[in-house]
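Owing to the predicted nature of the structure, the values given are computational and were not obtained by experimental measurement.
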Amino acid sequence: MRESLVRKSDVSASTPIIAVTQAGLPEVLAGLGEAAASWCEVHDFTGKASTHQLVPGLNGEGAAVLFGVEESGLSHPFALGGLAKSLPAGDYSLADDFPDQEQAALGFALSAYRFERYVTPSGKSRRLAVSDDVDLGRIGVILDGVQLARDLINTPANDMGPEDLARAIEELFAANGGTGRVVVGKDLLTENFPMVHAVGRASSRAPRLADYTWGEEDAPKVTLVGKGVIFDTGGLNLKPGSSMALMKKDMGGAANVLGLASMIMAAKLPVRLRVIVPCVENAVSGNSFRPGDILQSRKGLSVEIGNTDAEGRLVLGDALALADEESPELLVDMATLTGAARVALGPDLPPFYTDDEELAEDIAVMAEAATDPLWRMPLWQPYMKYLDSKIADINHINTTGAGFAGSVTAALFLSRFVENAQSWVHFDIFGWTPAEKPGKPSGGEAQGIRCLFDLISDRFANK
Ligand code: BES
Ligand code: MN
Ligand code: ZN
């Protein structure tokens, strides 16, 4: 992805990409010559927004790419993404007066992503040269984070077990000078992470909890918690095949917080970063936890199990309780937590939950600015009663059976494990793009972390 962008001064020859509006097309064609004009006519190219046309030069080579924009600029910030997959391999450059160069470059690179772990790369690539005043350093930091998140999600569970996920965290922090530890297997019990152990113990691949920090000890504490369920069969409440098919992505929350951590560390933001990820497989075995079980939790609440497929909130409950113990300035968790979030808002608009009004406002504004859509949903207290249990402190699912407000009640459950953090925000992400769109190739997806990178950069800027 990062390799798909270069500075203009670094390429000797490239095909220019010229922005055209429908009204302005004739004038541009007049400048390019008759061959280009008749070529556009034959191909019915009218300059419509987000369409493009490669036009030949006199020697039959591609002389220019015409790209349709609105009078006001790009019709979608990532509109240029389409070119990253459809132009012939080669070097291209944005014409000097091309609008919104930074967004255009980002959209192009985000779309250029391919998951290449199991295939031989074709070797053919497209590079985009952008004006030398575009901040490629910042874009590179963002692209590396997004790439990490996507690669981790796309890697199937046979190669992404609890140990592999924990190792990815260790490697990221080691590369940046951070340190931490991983609590594995039975140690989860002695170290008081009973719900992480209960959810993960049925897998032949031992459950674990990764806990890493980076940065100055006295800097503001920003803690990221991610759901790291490397595969979700549903447990004894087994998912039907169609619902299980995509469940390698159930560590999408962990993948996203790692992508965000990578951006924070690469940009050397002045924060004390902590990442906590419970890494487990929700598997079926003779020692699986069961519906009706009552689990103890790190927080001290007893939790009645209504459905073993609501495993994410359990492992997050213990991880959030740990995070909360040192009262971080900002506590963020990300999780592919509920199917209900997707029912409510679809795959491309993750809901977020917080009681911090100012934070909610900032997220909404920055999500829009970063083209990283997010939508606030409420921690609506009256629904807390859905989680009442007669025989434990709390039930982890809505047992009234009606299936109401599934994403809200999951968020409310998590809120019971957070008390001391100055601000807490929870993201119920989908972590996957089902069908390609601008800036979003199909497959594992980074959601919310470009927005959060801007937010954390802004909030904790050196002042
Ligand atoms: N990982 C799933 C949620 C999920 C499903 C996210 C599909 C994205 C797409 C989670 O562990 C789960 O199974 N949740 C259940 C909860 C229910 C049993 C209360 C759900 O959403 O159906
Ligand atoms: Mn589940
Ligand atoms: Zn799950």
Side-chain angles (χ1 to χ4, degrees), residues 153 195-196 199 225-240 242-257 277-278 280-282 289 291 303-320 332-355 373-387 394-418 424-434 444-445 447-448:
I153 297 173
M195 297 201 292
V196 179
V199 169
V225 172
K227 173 175 171 181
V229 175
I230 62 94
F231 194 81
D232 183 9
T233 67
L236 292 177
N237 291 106
L238 197 64
K239 286 182 185 292
S242 57
S243 306
M244 205 192 295
L246 261 183
M247 282 300 128
K248 70 171 183 181
K249 77 174 172 78
D250 215 18
M251 31 60 72
N256 270 274
V257 303
V277 175
V280 302
E281 176 166 20
N282 188 18
F289 76 124
V303 179
E304 183 181 1
I305 300 306
N307 187 318
T308 61
D309 198 8
E311 83 296 339
R313 61 195 78 182
L314 301 173
V315 297
L316 288 174
D318 277 353
L320 285 170
V332 176
D333 81 76
M334 307 189 91
T336 50
L337 200 61
T338 69
R342 176 201 46 185
V343 172
L345 298 178
D348 302 324
L349 184 60
F352 69 93
Y353 297 84
T354 182
D355 275 338
L374 295 163
W375 200 261
R376 188 183 187 187
M377 299 230 290
L379 287 160
W380 209 57
Q381 293 303 318
Y383 288 163
M384 193 67 94
K385 69 173 185 310
Y386 284 152
L387 300 175
I394 188 173
N395 204 304
H396 74 139
I397 59 162
N398 176 356
T399 44
T400 54
F404 292 143
S407 178
V408 175
T409 49
L412 286 170
F413 176 83
L414 295 183
S415 75
R416 297 293 297 268
F417 297 84
V418 180
W424 167 60
V425 57
H426 156 63
F427 294 82
D428 193 343
I429 64 171
F430 193 59
W432 192 263
T433 296
E445 192 53 279
Q447 294 185 310

Find the distance between CZ (Phe413) and CD1 (Ile394) and round it off to the nearest 0.5 Å.
-> 5.5 Å

How far apart are the C-alpha atoms of Leu320 and His426, what are their side-chain angles, what is the distance that settles it, and do they pass the side-chain contact (heavy atoms from CB on, under 4.5 Å) test?
-> CA-CA 11 Å; Leu320 285 170; His426 156 63; over 6 Å; no

For Gly226 against Pro278, the heavy-atom pair lying closest together = O-CD, 3.2 Å

From Thr409 atom OG1 to Tyr383 atom OH, the distance as rounded to the nearest 0.5 Å = 9.5 Å

Distance, nearest 0.5 Å, that separates CZ of Phe417 from CE of Met195 | 4.0 Å

About how many Å separate CG of Leu238 and CG of Asn282, when rounded to the nearest 0.5 Å?
-> 9.5 Å

Please examine the side chains of Thr399 and Glu304, heavy atoms only from C-beta on, and report whether any two atoms are closer than 4.5 Å.
-> no

What residues form a side-chain contact (heavy atoms from CB on, under 4.5 Å) with Pro351, not counting sequence neighbours?
-> Ala341, Leu345, Tyr353, Met377, Ser407, Asp428

In Å and rounded to the nearest 0.5 Å, what is the CG to CG distance from Leu316 to Leu337?
-> 6.5 Å

Could you pull out all residues at least two apart from Lys239 that satisfy side-chain contact (heavy atoms from CB on, under 4.5 Å)?
-> Asp232, Ser243, Met244, Met247, Asp309

Is the backbone N or O of Asn237 less than 3.5 Å from a side-chain atom of Thr308, with the two atoms forming a donor-acceptor pair by type?
-> yes

Which heavy-atom pair separates Asn395 from Gly306 by the least distance, and what is that distance?
-> OD1-N, 3.9 Å

Full working for side-chain contact (heavy atoms from CB on, under 4.5 Å) between Leu314 and Phe289 = CA-CA 12 Å; Leu314 301 173; Phe289 76 124; 3.6 Å; yes

Backbone N/O of Phe430 and side chain of Lys249: donor-acceptor pair under 3.5 Å = yes

Closest approach of Asn398 to Leu387 (non-hydrogen atoms, all atoms of both residues) = N-CD2, 4.0 Å

Interatomic distance, CD1@Ile397 vs OG1@Thr338, rounded to 0.5 Å, equals 13.0 Å

Closest heavy-atom pair and its distance - Val332, Phe427 = CG1-CE1, 3.8 Å

Minimal heavy-atom distance between Gly317 and Leu414, with the atoms involved, is N-CD2, 4.4 Å

State whether the side chain of Gln447 and the backbone N or O of Pro347 hold a donor-acceptor pair below 3.5 Å, judged by distance alone.
-> yes

Any sub-3.5 Å donor-acceptor pair from Arg376's side-chain atoms to Thr354's backbone N or O?
-> yes

Closest contact, heavy atoms only, Glu445 versus Thr433 | OE2-OG1, 3.1 Å

Is a side-chain donor or acceptor of Arg313 paired with a backbone partner of His396 at a separation under 3.5 angstrom?
-> yes

Establish, from distance only, whether the side-chain atoms of Trp424 and Asp333 form a donor-acceptor pair under 3.5 Å.
-> yes

